[in-house]
Each structure stands twice: as structure tokens, then as C-alpha cells.
Amino acid sequence: MTYLRPEFRHPQLPVNELGYSRKDYEGALSTLCAGCGHDSISAAVVQSMFEMSIEPHRVAKLSGIGCSSKTPTYFLGKSHGFNSVHGRMPSVVTGANMANRDLIYLGVSGDGDTASIGMGQFAHAVRRNLNMVYIVMNNGCYGLTKGQDSATADVGSCSKKGEPNKFEAIDLAGVALELGATFVARSFSGDKDQLVPLIKAAVSHRGFAFIDVISPCVTFNNNPGSTKGYEFVRDHLEATGTVDFVPMREEITACYPNQTSEEVTLHDGSVVHLCKMDDKLNVRSRNSAVERMKNYKDRGRILTGLLYMDPDSQDLHDSIDSSKKPLRQLGEKELCPGVAVLQNINDSLR
Amino acid sequence: MTYLRPEFRHPQLPVNELGYSRKDYEGALSTLCAGCGHDSISAAVVQSMFEMSIEPHRVAKLSGIGCSSKTPTYFLGKSHGFNSVHGRMPSVVTGANMANRDLIYLGVSGDGDTASIGMGQFAHAVRRNLNMVYIVMNNGCYGLTKGQDSATADVGSCSKKGEPNKFEAIDLAGVALELGATFVARSFSGDKDQLVPLIKAAVSHRGFAFIDVISPCVTFNNNPGSTKGYEFVRDHLEATGTVDFVPMREEITACYPNQTSEEVTLHDGSVVHLCKMDDKLNVRSRNSAVERMKNYKDRGRILTGLLYMDPDSQDLHDSIDSSKKPLRQLGEKELCPGVAVLQNINDSLR
Amino acid sequence: MSGIPARTPVVNDLVVKFANVNGTGSASANNLFAKALFRMGLSVSPKNIFPSNIQGLPTWYEVRVNDKGYLARREGVDIMVSVNPQSMAKDVREVKPGGYFIYDNSKPLDLRLMRDDIDFIGLPLTRICLEEYKDARQRQLFKNVIYVGAMAALINMDFSVLTDLIADQFKGKEKLIAPNVHALELGFQYAKSNFTCPLHVTVETRPMGDYILVEGNDACGLGAVYGGATMAGWYPITPSTSVVEAFEKYCKRMRIDPGTGKKNFAIVQAEDELAAMGMVIGANWNGARAFTATSGPGISLMSEFLGLAYFAEIPAVLIDVQRAGPSTGMPTRTQQSDVLACAYASHGDTKHVLVFPSTPKECFDMTAQSFDLAEQLQTPIIMLTDLDLGMNDNMSEPFEWDENRSYKRGKVFNAEQLENMSERFGRYLDVDGDGIPYRTYPGTHPTKGAFFTRGTSRDEYAVYTEDGEEYVANMERLLKKFETAKSYVPAPVITKANAKANASVGILHFGTSMHATLEAVDLLAGEGIAADTCRIRAFPFADEIVDFINSHEQVFVVEQNRDAQMRTLLVNECDLDPKRLNKVLNYNGMPITARFVADAVSAVLNKSSGSQRKKAAAAKA
Amino acid sequence: MSGIPARTPVVNDLVVKFANVNGTGSASANNLFAKALFRMGLSVSPKNIFPSNIQGLPTWYEVRVNDKGYLARREGVDIMVSVNPQSMAKDVREVKPGGYFIYDNSKPLDLRLMRDDIDFIGLPLTRICLEEYKDARQRQLFKNVIYVGAMAALINMDFSVLTDLIADQFKGKEKLIAPNVHALELGFQYAKSNFTCPLHVTVETRPMGDYILVEGNDACGLGAVYGGATMAGWYPITPSTSVVEAFEKYCKRMRIDPGTGKKNFAIVQAEDELAAMGMVIGANWNGARAFTATSGPGISLMSEFLGLAYFAEIPAVLIDVQRAGPSTGMPTRTQQSDVLACAYASHGDTKHVLVFPSTPKECFDMTAQSFDLAEQLQTPIIMLTDLDLGMNDNMSEPFEWDENRSYKRGKVFNAEQLENMSERFGRYLDVDGDGIPYRTYPGTHPTKGAFFTRGTSRDEYAVYTEDGEEYVANMERLLKKFETAKSYVPAPVITKANAKANASVGILHFGTSMHATLEAVDLLAGEGIAADTCRIRAFPFADEIVDFINSHEQVFVVEQNRDAQMRTLLVNECDLDPKRLNKVLNYNGMPITARFVADAVSAVLNKSSGSQRKKAAAAKA
Ligand SMILES: Cc1ncc(C[n+]2csc(CCOP(=O)(O)OP(=O)(O)O)c2C)c(N)n1
Ligand SMILES: Cc1ncc(C[n+]2csc(CCOP(=O)(O)OP(=O)(O)O)c2C)c(N)n1
Ligand code: SF4
Ligand code: SF4
Ligand SMILES: [Mg+2]
Ligand SMILES: [Mg+2]
């Protein structure tokens, strides 16, 4: 049962460079629980794509299984989407990306989908530096199967069921850093101001851009005692700084006087500008990111924002040296060696 | 086709506390290639178990699939063994361990078996701190399928096929540390002096004890250009220090004057004594281990030896608070609630 | 002018359907309704029809009530209680002519929905709640209780049964009793004072039989406790999740060591289904009884491990609560469509023992028995239940346990036996000629009985070999073992229209197709067709099943999948002519009904008698 | 006294078997031997019999030679060339009476091995090498070439063919030619001077037909290049590894963009088989032709994804090079035992299109065609080959390619079509009535044609629904599509003993059972039994196959697995009486032989004619 959003056109809706309004980036009406963090992330995706003036059909959105993995239905209704199988979205994106390197690949997953059943595929998509944006909507539980603890639940955290979780949390950003991810960020579904520029930077990054977004499950894991509930997260957040995504040729805004700033120029000429709150962080250094994250964690704080990026990384296509022209656009002429060549091969086998 | 080792008894063979000779810890004749690193590791396992006077039948040895995973046939012929399926040994050990917490679980795997197909299961066995010794015989390639690069192959490393590997290596010790492993070591199949005490310490550790052993594949990945060949590894090794495993009640030997030393007492009273060559390492600090490993790596060196251990960790049985008596020894009386209870249940359902 | 057909009073034969929004707390009120009817001594079969979603989408609760013992779904809704505007249009259409559509008339009804062949009964649910309650959550919750109260008046339910139930339900939270009873009364009174109560469809108390009302999954979990399972490795997936949850619930009550307070069980939520199955195999290999529960996608993922367990001969218990299709294919609807995937799970030549429960009592019995079977046969036992049985309250005979029963642990040599053994221990030797070898647990004896477990590249002593003859001998022994299994597994249940002779029609069925099939026999009898039935309870198939087929002229196989999977298995494993087996297939995700079965059977009979008539006519011409 | 039976000269009919140690470089010498016979115009069918291990265990190379075009294995070794002391005892036993056992007599032979019904021929291989070569590696390598030289003398091979081959083989490394030829000569001369050459079994040149000698896996890789595959996602597993390796080899030659030097292909070694299949699905979904290759365990692991691709209707090509059992179950032996696992892969109601090549040429053709089929039918196509075909050199007709052929990309709307479309695009609408809907590639059109891909919870417009009727309609359309597939897939190949009438015996076969079956027909003819054959080349089954079965009295299905899996599929999908189909099953891991097939057939015929006789006798009595 799906509802199509009632169609009404507002003539004064603001439009972007392409002449599209935000509506052109929306999807079907969400069927998630009212207040679910995931819906805010969908909204941030809409906002980012709208602001970046990306043609919706140039985006392919893929996901695994879970409440989080349902969200691609709820944004970018003009993009092709693929709700695949549980934990295996990364491989599907890998294939899709190999077929056509010219689209933007947006993968959406949950903490169950990524940190449990999907751990292997996640690790290897990172390792290959697959050119995609990978968003984990991290609620520390399995929403769609009614709230079991996931592997990102903190030890001692209590979901609605009431039993404290017994195992150490897997920190997906930490794992991504360890495995060589070239863009790593963490955010919170409740912080759209931070999330939108992060998504934009991730889209512009060539390579694997990972955003771990803490996204409370209001139905099963938003109670006192849960370390992934709105209240707890809001109380324990700290940001690396404010991130500004500056498209090519636009001017960079300054930081507040007492902040240091760092700029990273992306391969397409756009710039990520970070006004740092934590001036010990060096976003171009993997070791620094690891150290800062642990430092905050040891103090019981959650460090959000841009953690690390390497704008000069080689993506999978670069590594395997595949043609610039998307493989799926190659014609029969380019693909089929023809009769004469086959004759030679036959001769070599006699 | 398997050969039984020719049986001849040497009356003067040295025996251990149990009166067993080294022979009692051996297995069938190896069918690996002559010179394969894996055989040296098998020998180190035999040596460790012999020296620790462990009754062979108290050990269960399990593995996945690969040349490395074949080795359990070649040591501890009096132990039960299980050659399971590719990449899934950790889950089989988990079940086995749940059934009987009193045996010693020795898991053997390869870099393909662990870092590729087995990544997810490996990560979760670590996370649960399953009480086992997990040895990866790491040759940077898929030996049994004839030498494809594995995910631990260094970028640029060339196997016998001659093509440089394109992807960043997964550092399994790094991953284990990131995921919260409570005992992490790295060694080299050619360094029995280092490997034997590490295995002994791992056996004594309660929790997940991980040893990444670089183990050259002489047939497919021992050529110049390979960073997992004997020569390269020998040239690039550095050790954290010399490790001494000291069973309970024995005296601890001193270090050389210019070395600092660190001692870790295990839950069974035995002590791991580390004479440090790298005095910046603190083996009780996870962050220190991570930092030191990266430090050596950045300098193109391979740091071996004991990297980290937490002797007070809770293993999976502790976390779930299961009975001290092995579950498989519980009798029908303890397991079956009986007729009267069932009657009550029926009544509650009317 | 009303188009309502003439109504004659109907007692104890109705279908009531509640249309709700999921996540609004309607479940407990609806359960209250069904359970009250159950306590009135009636047969009830409530069905939850819910979306793959947590909150906000339409969900239905359909209760069929009768006093004939019928427990299948029945088509045709007599009374629709509509509390979800989202699905109202569809819901109105579903009411059968002469039925009732009960709705919240706090807002006016969309007139386009009106039908003149049914009655519309408006209850001002929202208005009453607004007046009575202040708290938003209470307003939402009690709305559901109020319509149950109204239903009590409308169909003449025993009100005291309802209030007793409320008292039972809130034992320990007595404060909640009064407000709930009050809500019931609000509805009851409103209906009494505004409508002629009761309607033409009513219920009446009957003597209560010896039944319980429980979800199949709950019974499986309990069966695992009684069956001696100490380990469960699992991964959440609807509709199987509640099996392990029930196991945990009962273990926490009955498996805490009284001395130490420690757990005499271990439950590990795995990282995925491959790992869950690996854990089960590891634990069983090591001598514990371990199991897992999953649904379709899990079966696919477990298949490599299932093959290994088959070849390496490791016990394992796997409960497959079937649902429709892939993860994005109606995961919250019921089907029996994993029969083939389970019977032949894994690549290569494999066959697995399957058991098929039909009721919660059988879920309990067969789960417990599966642990015996797995260890006796040293192979995985797959129990095939489904969403309908697993997640709906099912009426069932009560659970039973024989005091004198003891676990059958199969052929395992202990330390003493090994010590006294003079010959060489051969893990895969067919010592007894039944195809079942002896095993040993790790750690049993210092020098004897150790062996190396692997697939099929080994001889009878578990020594590595790639010899073709050894391979063939082993594979044939496995076939022999499968043959042996026939006499261990639950026997089929046969019903006969006439005790002394075979009817000409024979209907095979299994699992949740049972209720519809047995009721269909009565419907067919009404049409003058006598039919015998044979309920398959296990694979490999007992000889009685083949006999049943051979001794009936027209044979039908009732199942809830598209591809007639059980029929395939029958044909293939019993070397039957497929033409002998007519298909009766329901696979829209809704539990099958008796009418569906009866119609399918008589359609075939009519056709064949038609063609016989034609043939006869042709012969005459 | 010699027990050697009387020998009469035999020309062009022998089996030579080389017993080696793996990892000692024997493969290239053995290949040289087989290829020389091939170039002499003879039929050769070399079989590698190797362990699941890299170095040091016994390995055999068996070459059957004849001039009748027979390409199956044949029982009975005429000449055993034994260079492996490990397996010598077994190897001596295998020689047929009157045959020869050639061994390295540098060390004395163990006298206990002696048999008096065969000849022992000692070649001082080690000694010659010690004398001739200094380098240890050379000593090992040339030992193998020397025995080939000796064989040339012993069975009268054309020596110039061997030297030509050496020249071809070392093109570019000319320095190596002379020492190799020298080694050949050493063996040749030694045999000439020490034995009466030739033996009673010899070979003789025949006119060379239009054949090639190549491994099936190589042909698959080449077929993927010609078929337009641009992406392969794979995970290494014996015996499928060389499929993707061949694809890579040919791509590197023929798919490098001449302008940029970039690769017009992408090969990704996945982390496991689940990922490999996911990649293939992703790439095909996005409009590229992509494939994977695997063996049994991979099929198990891919089954969830295969189900998704079936329901979501995504093209995919999967090559399953079959082997025996689980990972630890004879992975280096051949079988045809994944037929059922592939046909019904995944939970739920699924069916997959299968193709079965029998020769390298068909590997090539069918791989290329599979990409057309996958896109035309929008479903996975699984090609079932096996270790025997895939990893052994097989004689085959040469590869062919029709200049005028063009890729059939199936029903895909492009931007222009979408632009001009007035009606709403429905991804799963059955527009043409053949069950095959239209798809679009991501990124095609700014506003039209986008859809959301998921399993079955959707309507014809790919909009989410859990409606039961939509589900059923979709599932039935999938059946219709499967019916349509019948006319797309490769047709069966039928041979008839007598062109004008049907023989009473009909033999069905597929894949690598072809050679044995066709030869068995000749053997049976020798026994006075006429048999027709029908080679199944695809599932779903064409009507001709059913006709073939119906028009033969005694029908046999030849296959290389225990459970008669193809027969199951036939019975089930064609609604056949299983009693009509006799099983001929070989599953010891060795390629099936003609003798095995012929014996199995005549055993059944004798039994049934025996029982007919009995009946006749009984009738008379
Ligand atoms: C193979 C498989 N196993 C299990 C499931 C059941 N399942 C559906 S969603 C889900 C977990 C979802 O958790 P997460 O990814 O964190 O998403 P959330 O719902 O929390 O957003 C599970 C286990 C499935 N669909 N497929
Ligand atoms: C499911 C599955 N996929 C693939 C294989 C084939 N296979 C056997 S061993 C192996 C890799 C072994 O590599 P590694 O673990 O590094 O062991 P090594 O041989 O190098 O010691 C593979 C891919 C298999 N047996 N099972
Ligand atoms: S269950 Fe949790 S994660 Fe799922 S939609 Fe509801 S709030 Fe969101
Ligand atoms: S192939 Fe490599 S890993 Fe395997 S046995 Fe030989 S040397 Fe060892
Ligand atoms: Mg989650
Ligand atoms: Mg390896």
C-alpha cells in the first residue's frame, strides 16, 4: 500500500540552477514511524541534491533491507532505486558502478545491514575505494525486526526491551578508517545543518565516502538508558567543526575568529571548508582522525562532523584502469573481436 | 591419499609433565608444498602444546578451507578436528565453545579464509571475545586455488603471476584491535622462537587471542617483488620484544640490561613476560598498540611480537552468564522442566 | 430502498474483521475479543494480516468463529470493524452482502463508499474517547477496547468472560483493570442504547473443550526447552523471530540454575544466518543440542552449511517459519514455499529430513522430537512451519509430556566404550547395517576416538581420501540412512470417510493446510463427495503415504505455493506418476480456506466426470 | 611362465595413463603427448585426475586414443607410464591384462608388485637425467619429456609432429627448443635400442579433421568476450577459476582500447560468492553484460541473490563448473550434481533457465548466447558445465561467429522511446503478452522511466504493494515468461538409429555425458540394440524432449550424479511418469564411459525382456 503524495504545485517554490524545485527531489510518502530519525536523513538527502543542482536521474540509490533501507523510496522519486537483499548492497553498487561510472551512487544501509550481515561487503567496498556515498542510518538496533540490539549498540545500552547490551559496539567509522576509507564522517539525524554539507562533500568526493549517521529509532531504542536515543545523543555530541561545502568558483566564508580552518579541494574543483572546533584534528591525516575519535570516545563523548578525507584517492575504476567511457555504453563494435580474430584463435588451438 | 607417518618409537625421546613425547602431539604427514610456511606453524603448535603439557584430546582444532586450513590434519592427531567451510570457522567454533567451555579451541585460517569470505565472522568472533586461539597463516595469497592475491596482499606486491596488487592490504591485526580483540600478536612462520611463546600465551589467555602469522607460500608468492616472501619479510621484520610465557609458579627470567620489561599475569596465574625492544609500546594499551603498528608501517617495517593483551577481559560465556558446567554435560534432569510445569503453562494459555 | 438480502438468525458462525493501523495498540484489544470467544467454548481462528513495517500502515485482524471445530480461515466478512480510514474503501468492499460495517462516525462517512446491501453501524469512538480520556495515548488505546465492548453487545457475547479476561490480563497491575472494564462498558452501553442488539449473527456459549490458544512459535520455543536444547544461534527475521524469543522467555523461567543463578543455556544472536547455522553445527558436533530458527532468505544463506552437515553427518535442528518470496517479497504473508529448497538444500546430491507440524501442540512435540531425530540420524532436521501457524494464535490440544520419556542421544561412544574397544574406531563405519555410524564427542578419551571431520573426501575411518569407490560407498550409505529415517519420523495421519472402505477421492495435505482440508471434506460430503485424507508429517515419506495414493482413484495435494512443491517431492521420491496427483494451490499469501480446497477438488471431479460423460457419449455415437 | 594373453596388433585404439606427482611439471609433457596424437589426426580425450592439493600428491593423466571419433573415457589402461612411486601399487593393478607398465628402473622395482599378465618396461629416467643435466629443476622437467620420447618409439608416433609441436610451443623462447627435442630423442633412442618397437598397440596418422583442442573453461571465457560481457565479478574456486582467467586473458588481448590503452572491461575479484553475484546483478541492472563463474559451494552461497534476480527480473549469467560435493568433498573430481540446486535455486517458488554445453564449441556458443538470453528473458541464465569439460583439453569443432549476428539486448526503453511515450511506464506490465516486460536503465531520462527495484511486493508499475492478487498475477506472469523461454533456449539434439522410424530405446543425456552416450549407441548396436538419443541442451524443456520420451518404449536418462537430478526435473516439469525413465547414474567422480552406459541400458532391457519372457511363460502355463 503506497500513497502518492498529493500533487499540488506551488508557483513560488524556490528552484535551483536546473530550475527544479525541492519537490522534484522528493519521493513517496514515508511509511516509517512518526519521528524516526531516518526520515530526517531522507530530508537531508533531498536538500543536498536540490542545493547541488544534481539531476535526479543521474543518481542511483541502492539499499539493503531494514527500515533504513526502505528510505530510498522516500526520496529522489525520479531516480532508479534498488532495494536489494540484507547486507549485500555494497556488492550491487560495485557492479552498478562498474557498468556505468558516470552516475552518482548513493547507498543507504542500517547498522544491522552494515555492521552485522554486511560487514564483509562493507569492508571490501571500503578497501576497493568504490566511488559511492555510503550512509549508515545508525540506530543501534534492528528496527524492522522489532528492536533487537545491533552490533553498534554500546555496551550497557538498554533498548526498550530493557536488557543492557553485553558486547562492545562496533564503531563503523573506526572500521572504515582502519580499512582505508578515503572519506569518513559522522553525523546525527537531528543535525541537518551539519549533515547537508557532509552529504554534499561526500557526493563530490571521488572514492568511498562514508557517513555514519546516528539516527534514533523512536519505537524501540529511544528510551532513557539507550545511548542512541535523541536525548542521550544530543547531550553527548561534539563536532569537529562546521563544514561548508563550496562548489567550484564560489567564495569561501570565513570562520569565527577563535577557530582554525582547514580546506580540502576536491578533484572537481569544489572545496570542503572546515571551521574547526577541535583544532587538534587534521582531516587529511588518518592517524589524527583515529586518535581524535578515540580521544573523545574515552571521554564519553561522540565526535561528529568530517573526520578524514583524502581528495586524491584512486577509485576502483582508476585502480583497474577501465575505460573512461562507461562500460555499458560500449557498442558491439568495441566489444566483439569478430570473425577474423576467432579464426586465429582456432588456428592456435590446432 | 594419506600417509600415516612411519611408526617408530625412540625410547629416549624427551617427555613433558604428562609423560607425553612430542610425537604425541604430531599429526598426519603434511601434504603441503615443501618449504611452505604453514608447516613451520604446525610445528610451532606441536611444540607449544607439548611444552605446555596439554592433553591433546582437550584441544579441538577447527579450520576453514585452504592450504592453511588443511594443517589441523598435520598436528595434534589425537584431537578432534573439523575442516568446515570456507570462511566460516569462527561460527563453528562459537557453537562448539558454547557447548563445552572446558576444551581449548584452536582455530586455524588463511588470509583468504579470514580477510575475504570470512571477514564478517572474524569480526564478530572478535567482538564477542570468544575464548579461542585464532591463527591466521598469512601468505597474502590464495594458495589452494593457485595464487590469486588475497586482501592482505600489500599494494604493489607482485605474486608469481607478475601483476602488482592494486588494493590496500587489510591489516588483520589492526582490524582485530579496532574491533576490540583482547589479545593481538603478529609473528612470522620462520621465527619459531617468537611464535612458540606467543601461542602459549594465546592458549592461556581467556578470550579471543589472535595471532597473525606471516607464512610464505613458496609456490605462488615467494618471488622477488612479493612482500610476503621469506626474504622480504626477514629483511623488514622488527619485534616488539622477546616474549616469554611463564607457567604459574615458575620464575621469570630477566631482560637484557638495556631493555624495559612488562609483565602480564593471566587469569590462570601464568605470566607473559615481554622484554621490550620497542620501549614505546605499552601492551596493556590498545591505543598504544595501534599507534606503534602504524608507526612501523609508515616506516615500511613490519612489527611482530605481542602487540596487545587485556588479561581481565570477559569472554562470551562470562558476558552471557552461562553455567560453569559445560552445557553439553547437563543432564535431562537439569534440562527438562517436566510435566507439572507444562500443566501450568497449559493453564496460562486457556 | 435497501438491497439487504433477507436475514435469518445465525448462531456461532461468523467472521469478524478489524481494520486497524499498525503500531496503535489494537493488537491487545483484538486478542481480547478472540480469547473471550475461545473462553466461551467456541472455535476461533484469529489471523493477523500485517504489513512489513512498524507503524502507520494498514493491518487487519480477522477472526472466524464457529462451534463446529473448524479452524481454517473462511471467506466472507460478516462484520467489519473499521478503525482505519486509509483502507476503508477496500474494507467496505470486503463485507459480504447482508453483513455489517462498523465504523467510527465521529467524522462523517464518505458517501461514495456506501453500499445498500449491508448495514453501516456508526460508533462515535473518537468522540467518546475525547470526552472520557485526557491523555493522547489513552485515547488511542481505549478506542480499541471500546469497540470490543460494542461488539459484545452486538453479537451477544458473554460480558463476564470479557471482564474476567481483563482481570487475568492485568494481574499484578490491578490499577488498570477498572479503566479497561470501563472502556468495555462504554462500548457495550453505547451499542445497547443505540442499536437493536443483538444483530442477526450472534454467538452463544458452548462447553469448553480441552484446548489452549497459543502461537506456534511459542510452542516451538517451549519444545526446544523440553527437548533439551542448550544452545541457539540465530538471526532475527520475520516470522521466525519469536521462536527464539519464546525459547529465551521459557529458559529464563525454567533454565536458571537454582544454585548458582547461572544460565543452563546459551543464546547467541549471530551476525547473519550463515553464522547462525555454523554455530548450531559447531555446538552439535561438540555434543550439545542446538538449534536455529529462520525464514526463506535464511534457508538460502544456510544451504552451504546444510550440505556440509549432511555429508559430515552432524546433527542440527532448524526451524523454518515460511513466508512468501524474497526479503522484498511479502515477508509478512504466509506460504508453504520452501519445501523443495529445504528438502534438497545445498549443491550436490543432498536430501534432508523434514517435519511438518500443523498445530501448536505439534510444534511443541516435533521440536522436541527433532532433537532426538537429529542425534539419532546424525543429520539436520528441518521443521517447516509457517507464518500462519507461527505468528497467529492457534487453538490446539494442550501440550503433553511423558514422564518416562528420555532423550535419545543416538549412537555416541563414551570414554568407557572407547577404552574397552579392541577394534579401530571408524567414524563412518556402518556397524549396525542401518546406515548410521557411531560418533564421539571431542575431548572424550585421551587416545581413542578422535577423528577429523570433513565433507566426503574420506574413508570409513575419517581418513582423507579422494578415492571414487570410497565416495560411492559413502554416498550409498547415506541413502541407506535416509531409508532408515522413514521409520523414525512422525507417521502420517489418515482420516477416512468410511472406516471400512476407501473413498475414491484422497486428499494429501500438510502443515497449515490441514484445517482447510479437513473442513473441505465436510463441504464435499455436503456435495455428495466422500473423501479420505492423509496428512504428511515428515519427509522421507512413509510407505503409508504411497499406499494412500495408490488406493485412491482421484488424488489431490493441497499446498500453499505456486509450484506444487510437495507434489514434486512425492512424485520424485516415491516414483509416482504425476498425473495421479492433482494440484490444489493457494499462494496469494493468505491462509488457505476450506471453500478453496473443496472447489478445487470438485472442479477436477466435474471435469473428469464431464470428460467421462463425453467419452461415454462418443462411444454411444 | 608368462600369463600374458595372446596379443594381436591393435592400431589406433588405446588408453595411456601417466602417473605423476603434482607440482613436478609433468603437465606440459603430458599435453605434448596428447596434442601430438591430436595432430596425427586421431581422436584424443585426455583427462587430468588431480588431487585437491598443490604439490606432492599423486596425479594422473589419462589419454584415450582412437580413430573412430570417440571422445569419452574408456576403461582399461593399455599402457601405464608410472613416474610416481607413491601410487605405484595401485597403478600396476590398473593395467589391463596384456598391457604394459612403464616405470623408472633407476631404482629396482618392488617385486611384490609384479604381475605376470602384463609387460614391465623399465626406462632409466632418473639415471639419464642425472647424466644429462646438472640443474635439479631441469632433471625433474626433462624426465617427463624423455618418457614422451620413449612413448613415441613404443607406439610408433610420428616423431616430426612432436618436434613441430615443441617448436610451436617455444615460439619466442627458441633457446628451449633444442634441449627439449634432445630430451625427446633421448627417450626415443633408449626405447628403440632396448625394446622391440613398436609394441602391439600402435598409432597411425589419419587425415586431420576440422577440430581444435581446448579446455571448456577457456571457451567460456572467450565466449564471454564475444558475447559482449564487460564485467565479471568472481571468487576463485576450482574448477571454475580458469573461466574468468581465460576471460581476462582474452580481454587483455582484444579489449584494450587502441586509442587510450584503457580497458574495455572490468574484472573484480570479489570477497566471496555472495558479493560476486551481487556485482553481476548490479552491473546487469545498470545495463552492462556481466557474469560470474563458480562451482557448487558458490551456487549455495549465491542462492538468495539468484532468487532476488528471478523475482526482480534482472539478467545475469552464471557459469557453474560442477564438481563433487562440499568443499571437503572431492573438489577436484567431476560430477553433474548441481542440476536441481540450480534449477530451483533460492527459497520460495523459483525456476531458473539452464543451459548445458557438451563441447568447447558449445561452451563458447552458449556463453555468448547466455548474455542474449539473460537480457531477452530478464532473468539469470545458469550454464552447467563440469570439471571434465572445463578443465580437460577437449576436442571440439572450431569456434564460429556469424558476422551478421548482433546482440539481442531485450526489451529496453531508451530515452527517445520514453520521451514519446504517452502512457505511464509500467516496469512489470506484460505489454506483449509473452510475460516479458520492458525495462529501463538508470539514468536514461530525466523524468520518465525511473522505477524502484525490489522483490515481489509491488504492482505492475513497480509501486510497493502487499496485495495478494497483485502477487499472484505477477507470479503467473513469471510462469508465462518461463513458457516463453522454451522457444528461446538451445533446442535439443536428437540422433536416430534409423531415420525413418523410432527405435524402441531412447536415451536422454546432457553435457559431458554426451560422448559416452553416443559411443554407447554404437556398442548397443553391436549387441543388436538400436537406440535413439536426445541431448538436452536447456531447461525449460522443449516440447521435442517430451515427444522423444513419449515416442520411445524404453527411455533412459544418463547423468553423473547419485540422485538422478535431471530425471527429477524432467518428471516434474513435464508431468511424466517416472517409471518411464530409467536411471543411468555414474557418480564416482570419474567421467562416465560408454561401457557403463551400454551395460546399464542392456541390463534393464534384459531384465524387462526376462520378465516378459517369464510372463509369457506364465501365460502359457
Ligand atoms: C537474509 C535476511 N535475514 C534477515 C532478514 C530480516 N531483517 C530485515 S531488516 C533486518 C535488520 C534491520 O536492521 P538495520 O539494518 O539496523 O535497519 P533498521 O531497521 O534498524 O533501520 C533484518 C534482520 C532479512 N530480510 N534477510
Ligand atoms: C565457498 C567457497 N568458495 C571458494 C572456495 C575455493 N577455495 C578454496 S581455498 C580458497 C582460498 C584459500 O586461501 P587462504 O585462506 O589464504 O589459504 P591458503 O591456501 O593461502 O593457505 C578458496 C577460494 C571454496 N572452497 N569454497
Ligand atoms: S521501527 Fe524504528 S527505525 Fe523503524 S521506522 Fe520505526 S522508528 Fe524508524
Ligand atoms: S600452494 Fe603455497 S600455501 Fe599452499 S601448500 Fe604450497 S606453498 Fe603452502
Ligand atoms: Mg538499525
Ligand atoms: Mg593464503
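Labels below follow one simple rule: chain letters A, B, ... track the order of the sequence lines, proteins then strands, and each chain is numbered from 1.
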Heavy-atom pairs under 4.5 Å with chain C, option from [options] with the top count:
options	result
D/Pro331, D/Gly298, D/Pro51	D/Pro51
D/Glu476, D/Arg454, D/Met475	D/Met475
D/Arg333, D/Arg458, D/Arg580	D/Arg333
D/Thr456, D/Leu308, D/Leu581	D/Thr456
D/Arg323, D/Glu573, D/Met330	D/Met330
D/Glu469, D/Gln565, D/Met590, D/Gln336	D/Gln565

Contact winner vs chain D - [options], heavy-atom pairs under 4.5 Å:
options	answer
C/Ile299, C/Val571, C/Asn561	C/Asn561
C/Gly296, C/Ser52, C/Gly468	C/Gly296
C/Pro578, C/Ala341, C/Gly455, C/Gly348	C/Pro578

Rounded distance (nearest 0.5 Å) linking atom [atom1] of [X] with atom [atom2] of [Y]:
X	Y	atom1	atom2	result
C/Cys342	D/His347	SG	NE2	10.5 Å
D/Asp577	C/Leu576	CG	CG	8.5 Å
D/Leu479	C/Arg562	CG	CZ	4.0 Å
D/Tyr464	C/Leu57	OH	CG	8.0 Å
D/Asp563	C/Asn572	CG	CG	8.5 Å

Are C/Lys583 and D/Asp575 ion-paired here, with the side-chain N under 4.0 Å from a carboxylate O?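 Looking at D/Asp575 together with C/Lys583, the answer is no, because their closest N to O distance does not fall below 4.0 Å.
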Find out whether [X] and [Y] are in side-chain contact, i.e. whether some heavy atom of one side chain is under 4.5 Å from a heavy atom of the other.
X	Y	answer
C/Tyr471	D/Gln335	yes
D/Asn588	C/Asp467	no
C/Phe305	D/Pro326	no
D/Tyr344	C/Leu340	yes

So, the side chain of D/Ser300 versus the backbone of C/Ser346: is there a donor-acceptor pair under 3.5 Å, distance only?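 It does not hold such a pair.
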Please walk me through it: do D/Glu466 and C/Thr332 pass side chain to side chain contact (heavy atoms under 4.5 Å, CB included)? CA-CA 9 Å; D/Glu466 293 175 353; C/Thr332 58; 3.9 Å; yes
side-chain hydrogen bond (donor to acceptor under 3.5 Å, both in side chains), that's the test. Do D/Ser337 and C/Asp349 meet it? Break it down for me. CA-CA 6 Å; D/Ser337 59; C/Asp349 288 308; 4.8 Å; no
Measure distances from C/Phe311 to the heavy atoms of chain D and classify the residue's part below 4.5 Å as side chain, backbone, both or neither.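 The side chain, not the backbone.
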Is there a side chain to side chain contact (heavy atoms under 4.5 Å, CB included) between D/Leu301 and C/Leu274? Walk through the geometry before answering. CA-CA 9 Å; D/Leu301 291 174; C/Leu274 291 95; 3.6 Å; yes
